[in-house]
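Here the structure is laid out as structure tokens; the discussion comes afterwards.
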Amino acid sequence: MDAQSYNAALSDLRTVRDKIKKVRADLAKLEADRDQQIVQLATYDKAKAERIAPAAGISVADIVTLAPALAPETLAGHGTIPAQPPASPEHTAVPGSSAAQPAAQPGTAVSATDTAAPTPPAAAAAEAPRDLPSIPDGEAGDAYFSHTANLASTRPNFTQQARSTVFLDTATGVLVHRNQTHRLDLGNRSAGAILTAVFHTIPEGTERIYITAGDPWHQDADRYPYLRHAVAAWLNAPTPGWRTDTGRGRDRMAGHFVHARSPVGRYQSQDGEQHVEIRSVGEWFDAAGDDPATVRDAFVLLWQALRRHWDEVVILGSPSQTGRDLWTRTIPARGQYADGFPVLSEELRGLLHATAGQGRNELIVPPRVPEQLPQLVEYDRTFAYAKHTWKSPVGTPRRITAATFAAWSEKEQARALYGCGHWQVRVTVPDTWNHVGLLPAPAPGERAWHYPAEPGTTFTTWAGGPEVHTALTNPVTPWKVEILDGILWDDGKPLDDWAKKLKETWSNLSAQSHFQGNPQQARAAHLASRAVRSILLYGIGSFAQRPRMFTGTTPRSLERDVPPDAEIIGFDDELITWQKPTGFPRDPNAHPEWAAAIWSGARAALLTQRHRDDDTYAGALHTPPGSVVAFRTDALYLTQPQNWPHHHQPGDYLLRGQLTGPLTAPTTEDELLALRDAGRTALTTGQEA
């Protein structure tokens, strides 16, 4: 580019800037007009929020924000809004198809760092304290401590069928199919255009299209208030010759999965002969800058590495599906659990869903940290969850009341807290405490948690045994913890064999990435190792089995038929797209007790973790007070470096980034992430130099 072209481009950029400002101003005016009309409609004595919401194209909660008098009875007088589980890539709940049929895919959970759908405000309700549920007394409470009849995880007696897969970069049009590379004309990059181009190039058909780059579902993002709305519109746009898939086979998958960054589009041809998924490879690993051939090679290496442990391995559409399938194939054929692992009662699963959080995500701001940081140092726990799979809850759970726990000896109490349990506790922060919080407490907002650290603070919460044990035995000052109620299981190893095989696969692929002479194959091995991490991470999350979300569409002419408890997630001239929770499915692999135990162990290890071989400890509590800037699932952000051992083993703290100050302390997540990225770049540049 020469100077003349540069100046011309700058002029064009200013024009675009001015247009954006005008469009934003117009949008703000339209939204203000809409809000004013909603307020006027609310003056009608028979006005209902569930009627106004689809007409306005926003949720019932948004209507209530503008007109609190319209709060439905199900919201009025309660401290929280209805449950809206975060929509992550097959991590929480899977929507049904746009036809009137829910999906049959179990949901899972992942680290809180993943993108979640924004929860609409609910006026004062969103600011009210959130109370966690308790186990009721009497027969109602007794029902919790059982298993769901005729529902258990069992070893499969069938072999998964591999699906023909292609890899497509929608930014360049490059398609890789087996050992062939093609360049496609994708037109407007709609789902219909992609399907037409791919099936014209691959006439024998394909069943899975992985998008490696381009994110076509975001191309009209500037037209929508949230990315998820743009994704829903892209998935539900007309696809001539195709319609939304209604599912087939043993792994029946129905409908589209609406997620801001890793959606899944499921289509079938009008004659029903062809079934195909469009997915993001970002579910497996970050392939930014990698061409489709390298991504293809990564999946080949992944399959080859897993096949050393599972003869019948098939790479399914997502890491959560793959992880769950591989785990079922490690269920013992003989012994105590040869008949499978029974699924807990729905009551107990619901309690765990409401009281067992995931990864710790907390930004600590001044004055708890300095206004100017001397450094920002990032430590990330390598393959962290793999460290906490050696012991998991099994058997029929027992209720441990406060009276029962108090009657035990200290040895019995310590054994229980060190075992596989989930405890309702009343906690008091010591008067002399000057470090980070240790136990999660419910914060305002659905499924939100914070970590009280103010001296003298008392709160009631639920926490896993590893965290309660840490609070009582931490290296700074023991906390006061009163056991109010508890759930205790036997210790078992249902995940141990599965996790060991995945850890060995990860180690082998990681070694290949470091010692492979061919740069492309080294990169492919690195991506494959990241995929193994995702299989374990999302596989564990899949056991959590969140309540499922159902996505549906209603013609604009029938907007009053939109379910009153649905959230509007998109609309056009013809259809209103909405979603609503549909409760727990009968999933034979639902084991939230396993996910909860691993998450609790991982959160505790962020605070303190012993390295026996080095006779030392690592974690936030082994740093000076005021030096912890943030927790982010498996990562710690500190104001000074630490001499913690790293032997490339799961759970070891790896130095990922280091940025020299003075730096203004971040006060928002975006500011933290910007400093994180700069720190990673600085560390990499320094190592290369």
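Residue numbers run from 1 in the order of the sequence given.
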Return the minimal non-hydrogen interatomic distance between [X] and [Y], and the atom names on each side.
X    : Y    : answer
S600 : G464 : OG-CA, 3.3 Å
E283 : S534 : O-OG, 4.0 Å
D380 : D634 : OD1-O, 3.4 Å

Inset, instruction - Can you spot which of D286, D291, D290 makes a salt bridge (charged side-chain N to carboxylate O under 4.0 Å, His left out) with R523? - result: D290
Inset, instruction - Among E378, E362, E669, find the one that has a salt bridge (charged side-chain N to carboxylate O under 4.0 Å, His left out) with R632. - result: E669
Backbone N/O of [Y] and side chain of [X]: donor-acceptor pair under 3.5 Å:
X    : Y    : result
R279 : R208 : no
H218 : A260 : yes
E671 : T667 : yes
D169 : T212 : no

Inset, instruction - List the steps and the verdict of side-chain contact (heavy atoms from CB on, under 4.5 Å) for L168 and I194. - result: CA-CA 9 Å; L168 174 64; I194 290 172; 3.8 Å; yes
Using the ring centroid of each side chain, check whether [X] and [Y] are separated by less than 6.0 Å.
X    : Y    : answer
Y379 : Y637 : no
W284 : Y538 : no
F299 : F167 : yes

Legend entry - Separation between CD1 of I209 and OG1 of T170, rounded to the nearest 0.5 Å: 11.0 Å
Inset, instruction - Assess the side chains of H591 and E593: does a donor N or O sit below 3.5 Å from an acceptor N or O? - result: yes
Inset, instruction - Fit a plane to each ring of Y226 and H229, take the angle between them on a 0 to 90° scale, and name the class: parallel (under 30°), tilted (30 to 60°) or perpendicular (over 60°). - result: perpendicular
Inset, instruction - Give a yes or no on this: more than 12 heavy atoms of other residues, nucleotides or ligands lie within 6.0 Å of atom NE2 of H646. - result: yes
Legend entry - F285 vs V295 side-chain heavy atoms within contact, under 4.5 Å: yes
Inset, instruction - Show the numbers, then the answer: is there a side-chain contact (heavy atoms from CB on, under 4.5 Å) between W599 and T633? - result: CA-CA 9 Å; W599 294 336; T633 309; over 6 Å; no
